[in-house]
Amino acid sequence: MVLGEIAQPAKKQDNQQEIIEAAAHCFMRHGLEKATMTDIADHLGATKGRVYHHFRSKNAVFFAVYRQAMVFCFDAVEPLMAQDLPAADRLFRMAEAHAHVMMDTLPYQRSIRIGVEIYLRGSTTEADRTVLRELIEMRNRYEHLFREVLAEGQADGSLSVTDVPLAGRALIGALNGLVDWFRIRPDQPQSERDHIARTLSATILDGLRS
C-alpha cells in the first residue's frame with residue numbers, strides 16, 4: 001500500500017514526460033499549427049483521453065515542451081558557470097554544451113523556435129499569454145548566464161566585447177541556428193556531433209577573443 005502511494009506520483013510524471021516527448025516530435029514533424037492532440041496520441045500509441053488526462057489543451061502541451069527544452073539547456077550549461085577557468089574558456093565550454101543540447105534535443109528546440117512566434121502573433125487567452133511571458137523570462141535568464149561570462153571576459157580583458165547584451169544575443173542566435181539546419185541520422189556517430197559543437201563554438205567565439 002505504502003509502496004503504491006509512493007510510486008503513484010512518479011508514474012504520473014513518467015506519463016506526462018512521455019506525452020511531452022511525443023508532442024515535441026509531432027510539433028517538429030507537422031508544425032505547431034497543424035499538429036493535433038490526435039497526432040500526439042497516435043505517436044504515443046495511446047488514446048486522446050490519456051493525453052487530455054494530463055494536459056487540457058495543445059497550448060498546455062506546447063508550454064510543457066517549451067519548459068522542458070529550457071530545462072535541458074540549464075542542466076547542461078549552468079554547472080559550467082562554477083568551473084575555475086578564465087571567462088573565455090568557460091564561455092567556449094558553455095557554447096559547446098549549448099550546441100550539443102540543440103542537437104541532442106532537436107524536437108524540443110525546433111518546436112519552441114517555431115512556436116513562440118506563432119503564439120506571439122496569434123490569438124491566445126490572457127492565461128496563455130501569462131504562461132508564455134513566464135517562459136520567455138526563463139529563456140532570458142538562460143541568456144543572462146552567457147552575458148555574465150561575457151561581462152567577466154570584458155572585465156579581465158580575455159574577450160573583446162563592446163556591447164555585452166548584443167554579444168550575448170548574437171552568440172545564442174548563432175548557436176540556435178543549428179536547429180534550422182542540423183538533421184538527425186540514425187547512423188550518425190557521436191564524434192560528428194562533437195565536431196559540429198566544437199567547430200561551431202570556435203568559429204563564433206574566435207571573433208570575441210582578445
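No experiment lies behind these values; they were computed from the predicted model shown.
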(message) Let me confirm one number: the CE-NZ distance from M37 to K48, rounded to the nearest 0.5 Å.
(response) 9.0 Å
(message) I'd like to know if the side chain of D39 reaches the main chain of T36, judged simply by a donor and an acceptor atom lying under 3.5 Å from each other, with no hydrogens or angles considered.
(response) yes
(message) Could you check whether any side-chain heavy atom of Q188 comes within less than 4.5 Å of a side-chain heavy atom of R183, counting everything from C-beta outward?
(response) no
(message) So for atom CZ, which belongs to R193, do other residues, nucleotides or ligands contribute more than 12 heavy atoms lying within a distance under 6.0 Å?
(response) yes
(request) Output the distance between atom CG (L178) and atom CG (L106), rounded to the nearest 0.5 Å. (result) 9.0 Å
(message) Counting neighbours of CZ on R141 that are heavy atoms of other residues, nucleotides or ligands and sit closer than 6.0 Å, is the number greater than 12?
(response) yes
(request) Report yes or no: do L166 and L205 belong to one cluster of Ile/Leu/Val/Met/Phe/Trp/Tyr joined by side chain heavy-atom distances under 4.5 Å? (result) no
(message) Count I, L, V, M, F, W, Y as connected when their side-chain heavy atoms are under 4.5 Å apart, and connections chain through other members. Are F74 and I172 then in the same cluster?
(response) yes
(message) Whether R147 and E143 form a salt bridge (side-chain N of Lys/Arg under 4.0 Å from carboxylate O of Asp/Glu) is what I want to check.
(response) yes
(request) Hey, could you give me the CG/CD distance between D163 and Q154, rounded to the nearest 0.5 Å? (result) 8.5 Å
(message) Quick check for you: to the nearest 0.5 Å, what is the distance between S158 atom OG and L91 atom CG?
(response) 9.0 Å
(request) Run the numbers on H54 and V61 for side-chain contact (heavy atoms from CB on, under 4.5 Å), then give the verdict. (result) CA-CA 9 Å; H54 294 280; V61 185; over 6 Å; no
(request) Decide yes or no for L80 and R90: does some side-chain heavy atom of the first lie under 4.5 Å from some side-chain heavy atom of the second? (result) no
(message) Is the shortest side-chain heavy-atom distance between F72 and D104 below 4.5 Å?
(response) no
(request) Kindly indicate, with the supporting measurements, whether the criterion side-chain contact (heavy atoms from CB on, under 4.5 Å) is fulfilled by D89 and Q83. (result) CA-CA 10 Å; D89 293 336; Q83 291 188 342; over 6 Å; no
(request) Would you check if I136 and R139 make a side-chain contact, meaning some heavy-atom pair closer than 4.5 Å? (result) yes
(request) Indicate yes or no for a side-chain donor-acceptor contact from K34 to the backbone of R29 under 3.5 Å, with no hydrogens or angles considered. (result) no
(request) List the atom of A197, the atom of S201, and the distance in Å for their closest heavy-atom pair. (result) O-OG, 2.7 Å
(message) So, taking the atom named SG in C26 and the one named CG in L32, what distance separates them when rounded to the nearest 0.5 Å?
(response) 11.0 Å
(message) Could you report the tightest heavy-atom contact between A97 and A76, atom names first, then the distance?
(response) CB-O, 3.9 Å
(request) Output yes when a side-chain donor or acceptor of Q109 lies under 3.5 Å from a complementary backbone atom of M102, and no otherwise. (result) no
(request) Examine distances only and state if a side-chain atom of S111 and a backbone atom of F27 form a donor-acceptor pair shorter than 3.5 Å. (result) no
(request) Show your working on side-chain hydrogen bond (donor to acceptor under 3.5 Å, both in side chains) between S57 and N59 and close with a plain yes or no. (result) CA-CA 5 Å; S57 66; N59 283 7; 5.2 Å; no
(request) Using the rule that two of Ile, Leu, Val, Met, Phe, Trp, Tyr join whenever any of their side-chain heavy atoms come within less than 4.5 Å, decide whether L85 and V149 are in one cluster. (result) no
(request) State, to 0.1 Å, how close L175 and I204 come at their nearest heavy-atom pair, and which atoms those are. (result) CD2-CD1, 3.7 Å
(request) Evaluate whether atom CZ of R56 has more than 12 neighbouring non-hydrogen atoms of other residues, nucleotides or ligands under 6.0 angstrom away. (result) no
(message) With side-chain contact (heavy atoms from CB on, under 4.5 Å) as the test, pick out the partner of M103 among D194, V179, I196.
(response) I196
(message) Is any side-chain heavy atom of E134 closer than 4.5 Å to one of F63?
(response) no
(message) Counting only heavy atoms from other residues, nucleotides and ligands, does the tally under 6.0 Å from CG of D187 exceed 12?
(response) yes
(message) Do Y108 and M70 have side chains that approach each other closer than 4.5 Å (heavy atoms only, starting at C-beta)?
(response) no
(request) Over 60° means perpendicular and under 30° means parallel, so classify the ring planes of H98 and F146, tilted if in between. (result) perpendicular
(message) Is it true that, when you exclude H195 itself, more than 12 heavy atoms of the residues, nucleotides or ligands shown sit nearer than 6.0 Å to its NE2?
(response) no
(message) Is any side-chain heavy atom of E18 closer than 4.5 Å to one of R50?
(response) yes
(message) Quick one, I40 and F55 - any side-chain contact, counting heavy atoms below 4.5 Å?
(response) no
(message) Please give me the minimum heavy-atom distance between K58 and E33, naming the atom from each residue.
(response) NZ-O, 3.3 Å
(message) Could you go through E126 and R129, starting from their C-alpha distance and side-chain angles, then the distance that decides it, and tell me whether this counts as salt bridge (Lys or Arg N to Asp or Glu O under 4.0 Å)?
(response) CA-CA 5 Å; E126 180 56 37; R129 287 192 291 273; 3.2 Å; yes
(message) Assess, by modelled atom type and distance only, whether the side chains of H25 and E21 contain a donor and an acceptor separated by less than 3.5 Å.
(response) yes
(request) Output the distance between atom CD (Q16) and atom NE2 (H53), rounded to the nearest 0.5 Å. (result) 8.5 Å
